[in-house]
2 protein chains.
Amino acid sequence: MVRVGITMGDPAGVGPELIVRALHSDGGEGVTVYGDPFVLRAAALRLGLPKPEACAAAVVEITRLAGERPGVPSNAGAAAQVAYLEAAIAAIARRELDALCTAPIHKAQARRAGFAFPGHTEFLAERIGGGRDVAMMLTGPHLRVVPVTTHIGLSQVAKVLSPDRIARVCSLTIAGLHHDFGIERPRLAVAGLNPHAGEQGQFGDEETRLIAPAIAAVRKNPLLQRIAFEIAGPQVPDVVFRTAAAPPIGDGRYDAVVAMYHDQALIPLKLIDFDQAVNVTLGLPLPRTSPDHGVAYDLAGTGRARDTSFRAALALARRLTEMRRR
Amino acid sequence: MVRVGITMGDPAGVGPELIVRALHSDGGEGVTVYGDPFVLRAAALRLGLPKPEACAAAVVEITRLAGERPGVPSNAGAAAQVAYLEAAIAAIARRELDALCTAPIHKAQARRAGFAFPGHTEFLAERIGGGRDVAMMLTGPHLRVVPVTTHIGLSQVAKVLSPDRIARVCSLTIAGLHHDFGIERPRLAVAGLNPHAGEQGQFGDEETRLIAPAIAAVRKNPLLQRIAFEIAGPQVPDVVFRTAAAPPIGDGRYDAVVAMYHDQALIPLKLIDFDQAVNVTLGLPLPRTSPDHGVAYDLAGTGRARDTSFRAALALARRLTEMRRR
């Protein structure tokens with residue numbers, strides 16, 4: 001059995017209803033939800049589904065919020081979403097969990113409640129990763145992408161990239177594909193930064209100055225020497241995602257693409273794997289997944305939020321744990 | 001009848017064989033090829049197809065190259081590709097052509113032969129557009145995209161963007177959708193530059209500083225006042241292409257997306273419309289199309305080059321002319 005912890009996220013977001021729906025279809029075996037039983041019950045009632053207690057999952061009461069309304073963030077909810085995460089972290093420290101699946105928090109709300117991190121990924125890197133290197137992979141039915149830089153302005157990307165950071169993300173990805181996804185010989189493509197990958201330096205030199213040295217360093221990384229991996233690049237950005245994407249859309253030539261910036265990774269992923277992509281944190285001591293969307297206040301309580309990504313996130317948390325055990 | 005001029009492009013590239021194949025399937029009604037009859041005949045012979053003279057197309061002998069080999073560029077070929085373009089320009093000046101479809105040139109080779117432009121688009125803007133504003137649209141079965149900036153390094157994009165340039169590209173796109181593509185009420189989306197379109201200025205301010213003012217200017221553009229258009233943006237880059245793409249991949253909500261940089265436009269387009277996209281120059285006095293690929297020396301002469309994009313480019317040149325006539 002895999003012991004998966006689910007954090008409920010923002011009580012005013014779509015998290016509670018997605019959790020209720022996911023547990024209903026999944027059965028909840030081995031799942032512990034860190035959240036608010038009242039909010040979850042209200043969500044189940046609205047959806048016409050059984051209470052979460054009716055399935056095999058345990059719900060740990062971290063808050064007991066009254067008067068919360070879907071789509072309407074509150075100060076109590078802002079603090080609650082952080083408290084759910086802290087409770088799960090404590091359970092991980094007590095070795096009660098094998099994997100973590102996090103429902104969306106609202107970042108600005110969380111910051112108001114004293115959460116001092118850009119998002120889940122950085123928080124978990126610090127609190128359970130011991131400050132280790134982590135990277136964010138988005139994985140969908142057709143494509144896996146890992147951006148080297150994430151939430152920064154486009155004009156900052158070239159300034160922030162370094163051979164060291166690119167190499168570390170590539171190495172985390174190769175190790176993750178092998179150990180977590182069970183791919184014997186991972187095949188990784190690394191995208192260039194510029195149009196046509198710079199076309200021999202005509203439109204930028206980051207490919208030769210930063211990316212090629214990073215790839216050379218990954219090839220020599222002693223931590224990867226037991227993995228028979230392939231790494232190719234810098235590849236032409238407007239070609240590599242199609243080359244990598246699974247048929248029938250693409251050629252299925254690579255298991256993942258390391259991208260230089262947020263939208264280079266997310267535009268192709270969301271175009272072909274929208275609603276089905278899962279966010280995976282690479283480099284943590286345990287598998288952590290989350291859906292590829294935010295709190296969606298506009299959909300909360302309407303029952304119209306699609307649950308494909310959250311269900312996939314829960315299923316993947318289990319599968320990654322099983323792969324690691326092998 | 002639509003009189004389409006085809007320029008043969010680089011004799012050592014895939015152009016000659018794609019032209020022979022396109023004419024064979026198309027019939028060549030109204031087509032004039034500016035090129036080299038010997039090179040075209042050799043290509044037909046290799047492919048086991050009838051000589052181009054066997055169809056309705058006329059071939060104007062601009063060069064008579066001997067000893068050219070597919071995949072092996074030559075000095076004579078470098079000059080020839082420019083001569084074909086000059087011949088077509090002269091025919092346009094004599095009002096002998098309604099539309100132009102250009103086979104790929106090799107840009108570095110062309111420059112060696114004295115071609116002083118980054119590519120076809122800029123050359124045609126100068127020589128038949130009278131220096132007018134033009135923009136490059138890529139149109140495929142699922143998506144139309146128009147990048148505001150093209151062949152520059154990613155780190156230069158934010159520096160080059162201006163409200164004026166963005167507004168001009170948007171206006172050209174709206175006018176092109178209406179007049180060339182026959183869309184009564186064009187619906188245009190304008191992508192943001194930064195992740196999440198800047199998320200209220202957290203990751204860059206170009207959305208509020210440059211893009212929103214451009215959109216406001218387009219709404220007031222007197223040249224567009226007779227067109228009942230819709231313009232939306234700045235939109236979240238990792239969402240807008242899916243919103244715009246035709247079903248079943250996307251929602252089909254927009255007729256085109258104006259993108260801020262080359263790969264923002266080309267990554268989604270090539271992912272879903274690879275091999276089928278056509279390059280259209282907006283803003284010229286006559287329709288001009290070209291395939292969405294280069295000379296592909298590695299494929300020239302092998303018969304393995306896919307002709308879908310070139311055939312689509314020829315068909316679109318005809319269709320855009322017919323639309324303008326209405």
Side-chain angles (χ1 to χ4, degrees), chain A residues 107-108 118 138 142-143 147 149-159 161 191-207 236-245 249-251 259-275 277 292-294, chain B residues 107-108 118 138 142-143 147 149-159 161 191-207 236-245 249-251 259-275 277 292-294:
Chain A
K107 290 167 191 175
L138 282 299
H142 296 91
L143 199 56
T149 63
T150 54
H151 295 118
I152 58 172
L154 192 82
S155 65
Q156 303 305 306
V157 170
K159 295 173 197 164
L161 287 174
L193 177 71
N194 297 299
H196 309 185
E199 199 152 330
Q200 283 89 50
Q202 281 188 71
F203 328 125
D205 63 357
E206 289 86 354
E207 282 76 12
V236 174
D238 67 17
V239 174
V240 66
F241 296 97
R242 187 179 175 279
T243 312
I249 291 172
D251 300 332
M260 294 301 121
Y261 52 96
H262 181 278
D263 285 344
Q264 193 183 48
L266 275 286
I267 287 174
L269 181 89
K270 290 206 172 181
L271 182 58
I272 60 176
D273 284 338
F274 195 73
D275 278 342
D292 177 28
H293 57 69
Chain B
K107 290 169 191 173
L138 282 299
H142 296 91
L143 198 57
T149 63
T150 54
H151 295 119
I152 58 172
L154 192 82
S155 65
Q156 303 305 305
V157 169
K159 295 174 197 162
L161 288 174
L193 176 71
N194 297 301
H196 309 183
E199 199 152 331
Q200 283 91 49
Q202 281 188 72
F203 328 126
D205 63 356
E206 289 86 354
E207 283 75 13
V236 174
D238 67 17
V239 175
V240 66
F241 296 96
R242 185 178 178 281
T243 312
I249 292 172
D251 300 331
M260 294 301 121
Y261 52 95
H262 181 279
D263 285 342
Q264 193 184 47
L266 275 286
I267 287 174
L269 181 88
K270 290 205 173 183
L271 182 59
I272 59 175
D273 284 339
F274 195 72
D275 278 342
D292 178 29
H293 57 68

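Each chain gets a letter, A, B and so on, in the order its sequence line appears, and its residues count up from 1.
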**Q** Give, as side chain, backbone, both or neither, the part of A:Glu199 having an atom under 4.5 angstrom from any heavy atom of chain B.
**A**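 Neither the backbone nor the side chain of A:Glu199 comes within 4.5 Å of chain B.
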
**Q** Relative to chain B, which of A:Gly204, A:Pro195, A:Ala158, A:Gly153 shows the most heavy atom pairs under 4.5 Å?
**A**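 Counting heavy-atom pairs under 4.5 Å, the top option is A:Pro195.
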
**Q** Contact part of A:Thr243 toward chain B, heavy-atom cut-off under 4.5 Å: side chain, backbone, both or neither?
**A** neither

**Q** Just jot down the side-chain contact (heavy atoms from CB on, under 4.5 Å) partners of A:Pro237, sequence neighbours excluded, or say none.
**A**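 side-chain contact (heavy atoms from CB on, under 4.5 Å) check on A:Pro237 returns A:Ala197, A:Gln264, B:Asp263, B:Ile267.
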
**Q** Can you tell me which portion of B:Gln156 sits under 4.5 Å from chain A's heavy atoms? Options are side chain, backbone, both or neither.
**A**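 It is neither, since no heavy atom gets under 4.5 Å.
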
**Q** How long is the gap from CZ on B:Phe274 to CG on A:Asp238, to the nearest 0.5 Å?
**A** 8.5 Å

**Q** Against chain A, label B:Ile152 side chain, backbone, both or neither, depending on which of its atoms sit under 4.5 Å from a heavy atom there.
**A**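 B:Ile152 touches chain A through backbone heavy atoms alone.
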
**Q** For the interface with chain A, which of B:Val157, B:Val239, B:Ile272 has the highest count of heavy-atom pairs at distances below 4.5 Å?
**A**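 Going by pairs under 4.5 Å, I would pick B:Ile272.
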
**Q** Name all residues meeting the ring-ring contact (aromatic ring centres under 6.0 Å, His included) criterion together with A:His196; count only those two or more places apart in sequence or in a different chain, and write none if there are none.
**A** A:Phe203, B:His151, B:His262

**Q** At their closest point, which heavy atom of A:Ala245 faces which heavy atom of B:Leu271, and how far apart are they?
**A** CB-CD1, 4.3 Å

